[in-house]
Amino acid sequence: MNNLLNFNFNGLPQGIVLLIGVLSFVFFLIGLVCALKNKELNDVSRFMWVFIMISLPFVGVILYLIFAPDSDITAPLVGEEKGTHTIDGNR
């Protein structure tokens, strides 16, 4: 059975494959939690971002982290102090 969904991981050690899977899942969960706790999104926007992230797990999270408005929940993830940024991005 030779199709696009037939991945061959025989060349990689199982530990690396497991590590990539776990890190991808953690990245997905961080993006999902950030979307759910973002106070700057209204209910419809929050629902749409969560729907996009669940429909397109990896791509949806990347799109959210690039295009969604900043929130205080993501500040500790990128090393900023909580509440130190303003709307125009100046401190």
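Computed from heavy atoms alone, side chains included, the values below leave out hydrogens, waters and symmetry copies.
- Residues Val50 and Phe47 do not share a hydrophobic cluster, clusters being chains of Ile/Leu/Val/Met/Phe/Trp/Tyr side chains in contact below 4.5 Å.
- Below 30°, between 30° and 60°, or above 60°: for Phe58 and Phe27 the angle between ring planes is between 30° and 60°, a tilted geometry.
- Note on Leu36 and Leu63: same hydrophobic cluster, where clusters join Ile, Leu, Val, Met, Phe, Trp and Tyr whose side-chain heavy atoms are under 4.5 Å apart, directly or indirectly.
- When all heavy atoms of Tyr64 and Ala35 are compared, the pair lying nearest together is OH-CA, 3.3 Å.
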Practice item. Decide yes or no on side-chain contact (heavy atoms from CB on, under 4.5 Å) for Leu32 and Val61, but give the supporting numbers first. Key: CA-CA 7 Å; Leu32 194 61; Val61 173; over 6 Å; no
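- Here CZ of Arg46 is found 7.0 Å from NZ of Lys39. Values are rounded to the nearest 0.5 Å.
- Listed here is the closest heavy atom pair of Gly60 and Trp49: O-CZ3, 4.4 Å.
- Within 6.0 Å of CG in Asn42 there are more than 12 heavy atoms belonging to other residues, nucleotides or ligands.
- Taken together through direct or relayed side-chain contacts under 4.5 Å among Ile, Leu, Val, Met, Phe, Trp and Tyr, Leu19 and Leu29 form parts of separate hydrophobic clusters.
- Rounding to the nearest 0.5 Å gives a distance of 11.0 Å between CD1 of Ile52 and CZ of Phe67.
- A distance of 5.5 Å separates CD1 of Ile54 from CZ of Phe28, quoted to the nearest 0.5 Å.
- One hydrophobic cluster, built from ILVMFWY side chains closer than 4.5 Å, holds both Leu41 and Ile62.
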